[in-house]
Amino acid sequence: MARNISENIRKLLLLGQCVPTVKQNATKIRVKRLELDENLLMYFRKDEFYYCFDPDKKCKTGDIVLIEALPQKLTKLITHEVKEVVFPLGDVTDPVTGKKVAKEKYREDIEKQSELYGKLNSAFNYQKAPPRGWQDGKKDFTSKPTYTKFHVFDENDPYAI
């Protein structure tokens with residue numbers, strides 16, 4: 001009884017990563033879980049995939065999102081909806097302090113260090129950088145429809161995975 005209740009509560013809000021999908025008005029989210037092997041008494045990673053209702057296309061491939069279970073299924077596959085984008089891809093935030101990170105250092109520390117030693121012309125300026133998505137259609141093809149390539153053809157399709 002208690003186990004069923006905890007499983008139901010656990011499926012209401014989930015944190016996962018957006019992966020490429022072909023579905024219209026839906027995104028595919030990978031949720032990583034640890035499953036106990038009772039023979040070895042060890043936890044092993046298990047990935048679960050959920051199709052989430054996302055008509056506004058809030059999340060892009062690689063984003064970490066929070067999803068919520070729908071009160072009733074929209075279709076046979078779509079059981080959840082995207083509640084919010086927690087961490088966009090490429091914009092890494094430390095979850096404990098809430099500060100932005102570049103590699104292993106905080107961005108604030110990098111700026112202080114560059115001011116202390118003198119700014120370099122080649123230093124990247126995060127405040128002047130355009131938001132993610134400005135290269136959509138040029139170098140960023142995450143909004144294009146993807147599909148799994150089952151055959152090898154002479155021409156190379158950039159949207160196939």
Side-chain angles (χ1 to χ4, degrees), residues 7-35 43-116 119-149 156-161:
E7 287 179 8
N8 290 340
I9 291 172
R10 194 172 66 183
K11 292 191 178 194
L12 288 179
L13 286 174
L14 297 169
L15 189 69
Q17 185 176 21
C18 185
V19 294
T21 184
V22 184
K23 289 275 183 199
Q24 299 292 329
N25 296 332
T27 57
K28 188 176 181 181
I29 306 295
R30 177 180 57 213
V31 176
K32 296 179 183 178
R33 297 197 180 206
L34 292 176
E35 188 175 88
Y43 285 95
F44 292 98
R45 190 178 110 184
K46 179 184 173 190
D47 291 344
E48 293 181 356
F49 293 93
Y50 295 97
Y51 284 96
C52 303
F53 183 62
D54 188 20
D56 302 332
K57 300 288 184 192
K58 287 191 264 185
C59 61
K60 296 178 84 174
T61 302
D63 291 346
I64 304 296
V65 296
L66 185 67
I67 60 174
E68 184 178 21
L70 291 170
Q72 58 185 1
K73 294 182 179 182
L74 286 179
T75 64
K76 186 177 178 182
L77 286 176
I78 300 174
T79 57
H80 290 71
E81 71 172 325
V82 176
K83 192 167 187 181
E84 68 174 293
V85 176
V86 180
F87 299 118
L89 179 69
D91 195 19
V92 183
T93 306
D94 183 19
V96 177
T97 60
K99 296 179 181 178
K100 300 290 183 186
V101 178
K103 285 183 110 177
E104 70 277 352
K105 296 180 181 179
Y106 293 118
R107 289 185 189 172
E108 298 172 356
D109 296 342
I110 294 171
E111 291 172 3
K112 288 178 186 176
Q113 189 176 12
S114 63
E115 287 176 12
L116 184 65
K119 285 213 177 220
L120 300 174
N121 293 336
S122 63
F124 186 76
N125 191 350
Y126 290 99
Q127 283 78 27
K128 292 182 181 177
R132 180 176 178 226
W134 72 278
Q135 290 186 336
D136 195 21
K138 300 173 195 167
K139 292 184 179 179
D140 180 18
F141 297 104
T142 55
S143 63
K144 300 292 183 188
T146 58
Y147 61 91
T148 305
K149 186 173 12 177
N156 191 12
D157 191 0
Y159 307 130
I161 52 173

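Residues take their numbers from the sequence shown, with the count starting at 1.
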* To do: Step by step, work out the side chain to side chain contact (heavy atoms under 4.5 Å, CB included) result for Thr97 and Tyr106.
  => CA-CA 10 Å; Thr97 60; Tyr106 293 118; 3.6 Å; yes

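With hydrogens and angles disregarded, a donor-acceptor distance shorter than 3.5 Å links the side chain of Asp63 to the backbone of Leu89.
The side-chain heavy atoms of Leu77 and Lys23, taken from C-beta on, include a pair separated by under 4.5 Å. With contacts defined as side-chain heavy-atom distances shorter than 4.5 Å, the pair Arg45/Asp47 qualifies.
Taken from CG in Asp54 to NZ in Lys60, the straight-line distance is 12.5 Å, to the nearest 0.5 Å. Expressed to the nearest 0.5 Å, how far CD of Glu68 lies from CG of Leu12 amounts to 7.5 Å. In this structure, the separation between CZ on Phe87 and CG on Leu66 is 11.0 Å, given to the nearest 0.5 Å.
Pairing each heavy atom of Val31 with each of Leu15, the nearest pair is CG1-O, 3.8 Å. For the pair Ile78 and Cys52, the tightest heavy-atom approach, listed with the atom from each and the gap, is CG2-C, 4.1 Å. Listed here is the closest heavy atom pair of Cys59 and Val65: CB-CG1, 3.6 Å.
In this structure, the side chain to side chain donor-acceptor pair (under 3.5 Å) partners of Glu111, at least two apart in sequence or on a different chain, are Gln127. Checked against side chain to side chain donor-acceptor pair (under 3.5 Å), Gln17 has the following partners two or more places apart in sequence or in another chain: Arg30. In this view, Lys58 satisfies the salt bridge (charged side-chain N to carboxylate O under 4.0 Å, His left out) rule with no residue, not counting sequence neighbours.
Crowding of Lys99 atom NZ: a count of heavy atoms from other residues, nucleotides or ligands under 6.0 Å exceeding 12. Residue Lys57 places its NZ atom among more than 12 non-hydrogen atoms of other residues, nucleotides or ligands, all under 6.0 Å distant. Enclosure of atom NZ in Lys100 by more than 12 non-hydrogen atoms of other residues, nucleotides or ligands within 6.0 angstrom is indicated.
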